[in-house]
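Every number for a ligand or one of its atoms is a count from 1 in the order of the listing. Hydrogens, waters and symmetry mates are skipped; everything else that's a heavy atom, side chains included, is used. Because the structure is predicted, anything quoted here is derived from the model rather than measured.
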Amino acid sequence: MKSMRLRCKFLLGTLFLLLSFFAGGAYAQQKVIKILAIGNSFSQDAVEQYLHDLADAEGIPVIIGDMFIGGCSLERHVKNARNNDPAYAYRKIGLDGKKVEQKNVTLEIALADEDWDYVSLQQASSFSGMFETYEASLPELVKYVKARLPNKTELMLHQTWAYAANATNSGFKNYGRDQLMMYHSIVDAVKKASTLSKIKMIIPTGTAIQNARTSFIGDHMNRDGYHLDLKIGRYTAACTWFEKIFERNVIGNPYYPKGMNYDQREVAQKAAHEAVRHPNRITELTELKTPAARVNYDESKVPDYTLPDVLTLGNGKKVTTAKEWLKKRRPELIHLFETQMYGKAPAHPKDLHFRVLTEDKNALNGLATRKEVAIYLTKDEKYFITVLIYLPNQRQGAVPLFFGINFKGNHAIHPDEGITLPSEEKLAAYGRKRMFPRGNAASRWPVEMLMEHGYGLATFYRGDIDPDFDDAFRNGVHPLFYKKGQTRPAEDEWGTLAAWAWGMSCTMDYFETDKDIDAKRVAILGHSRLGKTTLWAGAIDPRFALVISNNSGCGGAALSRRKVGETVRAVNRQFTHWFCRNFWQYNDKEEKLPIDQHELIALIAPRPVYIASAEEDRWADPKGEFLSGLYASPVYELFGLPGLPVKEMPIVNQPVLSGTIGYHIRSGQHDINLYDWTQYVKFADKHLKKDK
Ligand code: GCU
């Protein structure tokens with residue numbers, strides 16, 4: 001009997017997997033997370049709009065249901081359950097993000113509609129701070145839903161929010177028309193309800209809304225005194241659900257609704273994040289009491305600024321020869337960037353060693369050889385980078401290589417089934433429950449095109465060096481190098497960008513041992529935060545023959561002093577782990593920086609460098625990216641090379657490929673696409689294949 005049941009379960013499981021495979025499309029490899037709210041207009045505010053998009057932005061496939069009756073209390077849900085009353089509007093957001101509403105649905109039907117992973121219950125807002133109302137109805141409702149759900153389903157209590165102080169809703173009088181009294185009553189009642197019902201998981205939306213009210217937004221989180229504001233209110237609630245359920249820091253999640261600005265996004269994400277950390281108390285969002293200085297995109301409002309002169313030494317003397325540059329000015333600048341901005345990285349590990357893990361000489365239908373190589377950072381082989389390498393099979397001798405870190409995992413750069421998926425241990429190390437689907441980032445990696453042009457391609461996932469979130473440097477490579485008693489990098493020691501750059505440099509040690517790769521012709525490239533990383537990697541490791549920055553913006557190619565788009569304060573505030581702590585001294589004080597980004601470009605001289613912008617990527621300040629190339633040019637001239645051979649910014653889609661510094665501004669958004677790569681290949685052909 002038991003074994004039959006098991007077999008049945010197994011068959012059903014397989015069928016389910018197959019079905020979800022076909023239903024899932026792009027997400028086929030991923031487990032779909034299914035969430036059902038049994039609520040009212042407050043659950044509508046929280047789950048029906050932005051939760052799906054937030055999950056989507058992190059590659060998490062979700063199905064969301066909401067059983068809706070306006071103002072529905074626990075008592076009424078119980079009555080509906082008893083009578084099997086088709087009283088609900090059942091809204092369901094499918095994998096594709098589309099919402100479908102079905103009228104006249106019973107609880108029974110909705111509970112059986114999916115094998116829900118999470119089901120939430122909540123009280124109607126006016127009673128939400130009155131424990132006796134939970135006592136009266138919650139146990140029966142819990143019993144009812146549990147009987148209709150699989151064992152795995154996690155029940156949750158939705159902690160709803162207190163009304164705006166000026167709310168006119170009559171239920172407000174239950175709390176003496178006092179917002180804080182209402183808030184604290186909700187926290188207490190939900191806590192007690194959790195003990196009563198043994199539902200451990202509480203979604204602290206009420207606390208998130210209260211946190212956000214301490215910011216510059218103030219008491220404007222509602223649209224009518226009690227429902228949430230359509231943008232920031234609902235988005236804050238969705239952020240809270242996101243972080244609580246998926247256990248992923250929502251700060252930095254790239255999705256936010258149109259019509260909201262960057263400061264509001266920051267408040268919502270921070271308010272939600274703090275609420276998940278401290279669900280039962282208010283966290284004052286002190287640094288968000290005032291909005292950041294308005295983002296400037298207006299050329300006429302760029303402040304007057306004087307850039308540090310790239311050829312003048314700290315002692316005031318001017319550098320006039322390439323030799324002096326290399327001997328004196330270059331080390332001086334490296335030191336400044338290291339101690340004031342990216343942070344000092346340690347020497348390569350003495351136990352650095354490599355092993356080819358897989359090799360397929362017939363990959364991509366015979367076009368390429370695919371290898372996966374472990375770059376072990378420690379003797380015990382616990383810490384390693386997995387480098388994915390494609391080499392064109394049509395090659396004579398060692399090939400030149402493009403090399404860049406990827407955002408989403410090696411398996412995401414191409415649908416090639418032969419790419420190894422990250423192991424469970426790796427997922428745990430990345431702090432992720434699941435990864436992006438295979439091939440999800442394929443538009444950014446034109447593997448076949450590179451093979452056809454005779455280039456190899458190598459890449460590794462950023463999380464192999466340091467997962468991209470702030471955990472106070474507990475995960476990733478940093479702790480491997482702590483001195484005794486050290487718990488985080490010192491003020492002038494490496495942040496995450498410097499660690500990624502260091503990982504690239506360690507990987508170069510491997511390329512030097514691979515006879516199929518011409519280590520003298522390695523072009524490195526990176527997009528956005530990885531473009532910042534790549535410029536720094538190119539600056540510190542002169543073995544990289546060519547350096548490409550794609551839309552790297554603030555902290556990358558863009559001049560900091562222009563303060564257009566993202567500023568030093570903005571980047572440090574949002575990505576607290578990227579730079580070293582010393583860099584924070586320059587928040588809103590860019591003019592005090594002893595360096596600017598044209599000097600970062602100059603550090604690559606005399607090697608060729610390419611800077612690319614995108615027209616709509618104003619956050620990255622395209623003009624500032626162009627100017628840093630222009631102002632780095634005097635250093636190239638010391639070597640008798642043309643730097644950037646134009647003085648004015650070229651028009652859109654007119655690449656400048658003739659100098660040692662290349663530049664283009666492409667039409668379209670912040671991204672890296674085939675247009676960008678096409679220019680990089682032309683530029684590389686010119687510089688890396690000239691003697692061939
Ligand atoms: C954010 C950040 C940028 C960064 C970008 C990215 O927009 O503000 O500095 O370049 O993310 O890496 O995609």
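With sequence neighbours left out, Tyr50 forms a side chain to side chain donor-acceptor pair (under 3.5 Å) with no residue at all. Residues satisfying the salt bridge (Lys or Arg N to Asp or Glu O under 4.0 Å) criterion with Glu247, sequence neighbours excluded, are Lys433.
Nearest protein heavy-atom contact of atom 2 (C) of ligand 1 is Phe575 CE1, 3.3 Å.
Leu457 has its side chain within reach of Trp445: a pair of non-hydrogen atoms, C-beta onward, lies under 4.5 Å apart.
For the ligand labelled ligand 1, residue Lys532 lies inside the 4.0 Å heavy-atom shell.
Using a 4.0 Å cut-off to heavy atoms of Trp578, the atoms of ligand 1 that qualify are 4 (C), 9 (O). Close approach of ligand 1 to Trp619 (heavy-atom distance below 4.0 Å) involves ligand atoms 2 (C), 7 (O), 8 (O).
Under 4.0 Å from ligand 1, the heavy atoms of His670 that appear belong solely to its side chain. Counting heavy atoms under 4.0 Å from ligand 1, residue Glu566 touches it through the side chain alone.
Polar contact with ligand 1: present for Ser528 (N/O pair, distance under 3.5 Å). For the pair Arg529 and ligand 1, the shortest N or O to N or O distance falls below 3.5 Å.
The aromatic rings of Tyr610 and Phe683 sit perpendicular to each other, their planes meeting at more than 60°, with 30° as the lower class boundary.
Using a 4.0 Å cut-off between charged side-chain N and carboxylate O, Asp617 and Arg666 make no salt bridge.
Between the side chain of Thr205 and the backbone N or O of Ala237, no donor-acceptor pair lies under 3.5 Å.
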